[in-house]
Amino acid sequence: MPDLRDYLDMQRAAAAEQWRSIISRKPVIEGRQVAFLPVETLVCLAASLLVNHRRYGGSTAHLAVEPVPTLARLFRRPNSSVLAKMANLDGSRRNGAKHEVEVAARLLADPGQLGAVYRLLINAARSVGIGPDTLPDFLGLTDDEDDLLLLGQRELDEADIATAVRPAAEVWRASRADLDERTTERLLMAAVRVGQHRFASEVLRNHGHRCVFCGLSVALPEKRAARMLIASHIKPWRECTHAERLDARNGLTACPTHDVAFDTGLMTVNGGLRIHLKPALAAAVQADPAARAAFGRPPLAERLLLPDDATPPDAKYLAWHRQHIFDDAVP
């Protein structure tokens, strides 16, 4: 059985040999699947940054979004096996191997290291002839020297995360005596950050990677400009239930200026998606050219700028914002 070093100290030659074994594998029609190799497990961990396995059950595994179907084809496994491995890694399945949970805890707590391992795996796959059609660079890192960064982390506070995971940590201590407290805490806190990353990614996609208030979108020749857009909660993370924290209808994509103005209650959005300014900000727009340049109309739209195929924000979150943030802000 592989140990931690086989995952955390993966070498390119070992990864290449494992990829060769995978591409020579025959699909298992009936009976027990072959054990996951470390490269498969690590790629599943990277894919968990994009896919929430909890959205799929045994009867809906065939509906799993990319990269799950592509990985399943490459590994000669059903979608359900890939999703089950993701569940092992985040501790959802209590029969998951201890070393896999420890691998997940360490790498998810250190996205830079996870990104480095991911690059090694993709490059090793390319060296044995596994091309982008068979194994796409789904995190978009192999042609980018920047570290892997999780989105939406500015919204999270360490104390809030610790409070949120405390009940789950108690359950884990009672049910997973094989895991030490540090591993449990690290994985649960990393899971919160990964959930926030998935939430922000989904909100950005839903809004077409544009500020819903002014339409700003900065696309460079090879990628989108970093930190020019922020996807954050309408009802703040610390005030949300677990389900609300992951609900993309509780998110808006905004440029930094309009994100701060919305977050601090200088403007809000009603149930008809119309944008409203606080009287003090509206007065500043009339008196100050700089304020007018940011909050005049244009660039500020009358209503949220959403793509035709976007899912609009839920009215209940907008109502919460108006009542608890906009109404309590500067008059």
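Keep in mind it's a predicted model, so treat the numbers as computed, not measured. The figures here come from the full heavy-atom set of this structure, side chains too, leaving out hydrogens, waters and symmetry mates.
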Any side-chain to backbone donor/acceptor pair from [X] onto [Y]? Under 3.5 Å, distance only.
{"X": "Trp19", "Y": "Leu121", "result": "yes"}
{"X": "Asn123", "Y": "Arg119", "result": "yes"}
{"X": "Arg297", "Y": "Ala301", "result": "yes"}
{"X": "Gln153", "Y": "Arg193", "result": "yes"}
{"X": "Arg186", "Y": "Ala190", "result": "no"}
{"X": "Arg76", "Y": "Arg25", "result": "yes"}
{"X": "Glu202", "Y": "Ala248", "result": "no"}
{"X": "Arg303", "Y": "Gly272", "result": "yes"}

Do Thr183 and Asp180 have side-chain atoms, one donor and one acceptor, less than 3.5 Å apart?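 Asp180 and Thr183 do have a side-chain donor-acceptor pair below 3.5 Å.
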Relative to Phe36, does Arg77 satisfy both conditions: NZ or CZ under 6.0 angstrom from the six-membered ring centre, and within 45 degrees of the ring's axis?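 Verdict for Phe36: a cation-pi partner in Arg77.
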Test His99 against Asp3 for side-chain hydrogen bond (donor to acceptor under 3.5 Å, both in side chains), laying out the working first. CA-CA 7 Å; His99 70 271; Asp3 60 25; over 6 Å; no
Taking C-beta and beyond as the side chain, do [X] and [Y] meet within less than 4.5 Å on heavy atoms?
{"X": "Ser232", "Y": "Trp237", "answer": "no"}
{"X": "Tyr7", "Y": "Pro2", "answer": "yes"}
{"X": "Pro132", "Y": "Asp137", "answer": "no"}
{"X": "Leu49", "Y": "Val194", "answer": "yes"}
{"X": "Pro67", "Y": "Val51", "answer": "yes"}

Which atom names give the shortest non-hydrogen contact between Leu252 and Pro313, and what distance separates them?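 Between these two residues, the closest heavy atoms are CD2-CG, 4.0 Å.
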Only one of Leu114, Val103, Leu89 forms a side-chain contact (heavy atoms from CB on, under 4.5 Å) with Leu42, so which one is it?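 Running side-chain contact (heavy atoms from CB on, under 4.5 Å) over Leu114, Val103, Leu89 with Leu42 returns exactly one hit, Val103.
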Knowing that exactly one of Ile325, Asp314, Ile234 qualifies, which makes a side-chain contact (heavy atoms from CB on, under 4.5 Å) with Trp320?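 Going through the options one by one, the only one that passes is Ile325.
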Is the His258 to Phe295 ring centre distance short of 6.0 Å?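 Yes; Phe295 has its ring centre under 6.0 Å from that of His258.
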Quick one: are the ring centres of His233 and Tyr317 less than 6.0 Å apart?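 Between Tyr317 and His233, which both carry aromatic rings, the centre distance is not below 6.0 Å.
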Over 60° means perpendicular and under 30° means parallel, so tell me whether Phe262 and Phe213 are parallel, tilted or perpendicular.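 Answer is tilted, since the angle falls between 30° and 60°.
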Checking Leu187 against Arg106 for the side chain to side chain contact (heavy atoms under 4.5 Å, CB included) test, could you report, in this order, the C-alpha distance in whole Å, the side-chain angles of both residues, the deciding distance, and whether it holds? CA-CA 8 Å; Leu187 182 60; Arg106 293 196 191 189; over 6 Å; no
Lys/Arg-Asp/Glu bridge criterion (N-O < 4.0 Å) met for Arg274, Glu302: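 Salt bridge flag = yes for Glu302 with Arg274.
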